[in-house]
K.L.:
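First the structure, then my questions, so here it is.
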Amino acid sequence: MSDVRSLTPTEMAAWRAVIESSQRLLTQLEDDLRETSELSFADYHVLVLLSEAPRQRLRMGELANKLIFSPSRLTYHVGTMEKRGLVARQPCPDDRRGSEAVLTEAGLSALREAAPHHLRSVRRHFVDALDDAELAELNTIFTRLGERLIAARAQSR
């Protein structure tokens with residue numbers, strides 16, 4: 001286990017500011033995405049990952065790891081997307097017990113329609129508001145945080 005120490009009041013205030021601003025940002029991005037499409041931010045992320053995967057399919061476990069979703073949360077989410085025709089679940093050819101999420105034509109079409117609006121929204125709310133040093137620092141923080149969350153989840157299994 002890593003060394004744990006108390007945060008100073010200044011560090012605590014800085015973390016609170018980061019958390020509050022990231023929550024505002026994600027809310028704004030979600031609102032903009034829903035305004036221009038029927039996709040949630042999570043839907044969009046699933047579709048992007050599937051569009052970038054070989055043969056536009058990923059095993060459910062791989063998808064959960066990339067999203068930092070619990071397997072049960074991902075199963076529920078993919079199920080709702082499947083009902084809307086955005087993805088399909090198919091048996092995994094390499095593992096009889098496993099399944100894969102597969103991008104459908106409707107999902108690809110929804111992604112193509114939503115992507116330009118989402119990228120404009122990210123630029124407007126995030127990229128244009130920060131300088132290069134702030135972007136680099138945030139990239140470092142979120143990369144480290146993602147790695148720690150994935151490691152913690154793998155360790156808890």
K.L.:
So, for L86 and A106, which heavy atoms are closest and what is the spacing to 0.1 Å?
P.N.:
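Here L86 and A106 meet closest at CD2-O, 4.0 Å.
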
K.L.:
Applying ring-ring contact (aromatic ring centres under 6.0 Å, His included), can you list everything that pairs with F41, at least two apart in sequence or on another chain?
P.N.:
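Here the qualifying residues are H118.
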
K.L.:
How would you list, by chain and number, every residue that makes a side-chain contact (heavy atoms from CB on, under 4.5 Å) with E20, sequence neighbours excluded?
P.N.:
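By the side-chain contact (heavy atoms from CB on, under 4.5 Å) rule, E20 matches R16, R24.
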
K.L.:
Is the backbone N or O of V102 less than 3.5 Å from a side-chain atom of Q90, with the two atoms forming a donor-acceptor pair by type?
P.N.:
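Absent.
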
K.L.:
When you group the ILVMFWY residues by side-chain heavy-atom contacts below 4.5 Å and let the links chain together, are L25 and L138 in the same group?
P.N.:
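As far as the 4.5 Å side-chain criterion goes, L25 and L138 are connected within one cluster.
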
K.L.:
So, using side-chain contact (heavy atoms from CB on, under 4.5 Å) as the criterion, who are the partners of V18 when residues are at least two apart?
P.N.:
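Here the qualifying residues are W15.
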
K.L.:
Taking all non-hydrogen atoms of both residues, which atom of A114 and which atom of L33 are closest, and how far apart?
P.N.:
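Taking every non-hydrogen atom into account, CB-CD1, 4.0 Å.
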
K.L.:
Heavy atoms, side chains only, cut-off 4.5 Å: are R84 and D43 in contact?
P.N.:
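The answer is yes, as the side chains (C-beta and beyond) meet within the 4.5 Å cut-off.
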
K.L.:
Which atoms form the tightest heavy-atom contact between L29 and S121, and what is the distance?
P.N.:
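Nearest pair, atom of L29 first, then S121: CD2-OG, 3.3 Å.
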
K.L.:
Can you find a pair of side-chain heavy atoms, one from L111 and one from L50, that are under 4.5 Å apart?
P.N.:
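The answer is no, as the side chains (C-beta and beyond) never meet within the 4.5 Å cut-off.
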
K.L.:
Kindly determine whether E113 and L39 satisfy side chain to side chain contact (heavy atoms under 4.5 Å, CB included), including the steps that lead there.
P.N.:
CA-CA 10 Å; E113 289 174 21; L39 299 177; over 6 Å; no

K.L.:
In Å, rounded to the nearest 0.5 Å, how long is the span from OG of S99 to CZ of R89?
P.N.:
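Answer for the OG-CZ pair, S99 versus R89, is 6.0 Å.
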
K.L.:
Got M81 and L47 here, is their nearest side-chain heavy-atom distance under 4.5 Å?
P.N.:
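Touching, per the 4.5 Å side-chain cut-off.
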
K.L.:
Counting distance only, does the side-chain N/O of S37 pair as donor-acceptor with the main-chain N or O of R34 below 3.5 Å?
P.N.:
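No, S37 side chain to R34 backbone: no donor-acceptor pair under 3.5 Å.
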
K.L.:
For the atom pair CG (L63) and CZ (R57), what is the distance rounded to the nearest 0.5 Å?
P.N.:
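Answer rounded to 0.5 Å: 13.0 Å.
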
K.L.:
Please check if L149 and V46 belong to a single hydrophobic cluster, counting links between Ile, Leu, Val, Met, Phe, Trp and Tyr side chain heavy atoms closer than 4.5 Å.
P.N.:
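Yes, it is one cluster - the side chains of L149 and V46 are joined through contacts under 4.5 Å.
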
K.L.:
Below 4.5 Å, heavy atoms only, C-beta onward: do D31 and E35 meet side chain to side chain?
P.N.:
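A side-chain contact is absent here, since even the closest heavy-atom pair is not under 4.5 Å.
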
K.L.:
Let me confirm one number: the CG-CD distance from L58 to E52, rounded to the nearest 0.5 Å.
P.N.:
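Result: 9.5 Å between the selected atoms.
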
K.L.:
Please check if the side chain of S109 supplies one atom and the backbone of E105 the other of a donor-acceptor pair under 3.5 Å.
P.N.:
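Looks like no, no N/O pair under 3.5 Å.
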
K.L.:
Test your reading of the model: is there a side-chain donor-acceptor pair from T104 to the backbone of G85, 3.5 Å cut-off?
P.N.:
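Side chain of T104 to backbone of G85, a donor-acceptor pair under 3.5 Å: yes, one is there.
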
K.L.:
Contact between Q28 and R124 at the side-chain level, heavy atoms closer than 4.5 Å - yes or no?
P.N.:
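No, every pair of side-chain atoms sits at 4.5 Å or beyond.
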
K.L.:
Less than 4.5 Å apart, side chain to side chain, heavy atoms only: is that true for S40 and H77?
P.N.:
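Yes, close enough: below the 4.5 Å cut-off.
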
K.L.:
Taking a hydrophobic cluster as the set of Ile, Leu, Val, Met, Phe, Trp and Tyr residues connected by side-chain heavy atoms closer than 4.5 Å, whether directly or through intermediates, do L145 and L26 fall within one such cluster?
P.N.:
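Per the 4.5 Å side-chain linkage, L145 and L26 are co-clustered.
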
K.L.:
Do Y76 and Y44 land in one hydrophobic cluster if side-chain heavy atoms of ILVMFWY residues count as linked below 4.5 Å?
P.N.:
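Cluster IDs for Y76 and Y44 differ.
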
K.L.:
If I take atom CE from residue M60 and atom CD from residue E100, how far apart are they, to the nearest 0.5 angstrom?
P.N.:
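So the CE of M60 and the CD of E100 are separated by 10.5 Å.
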
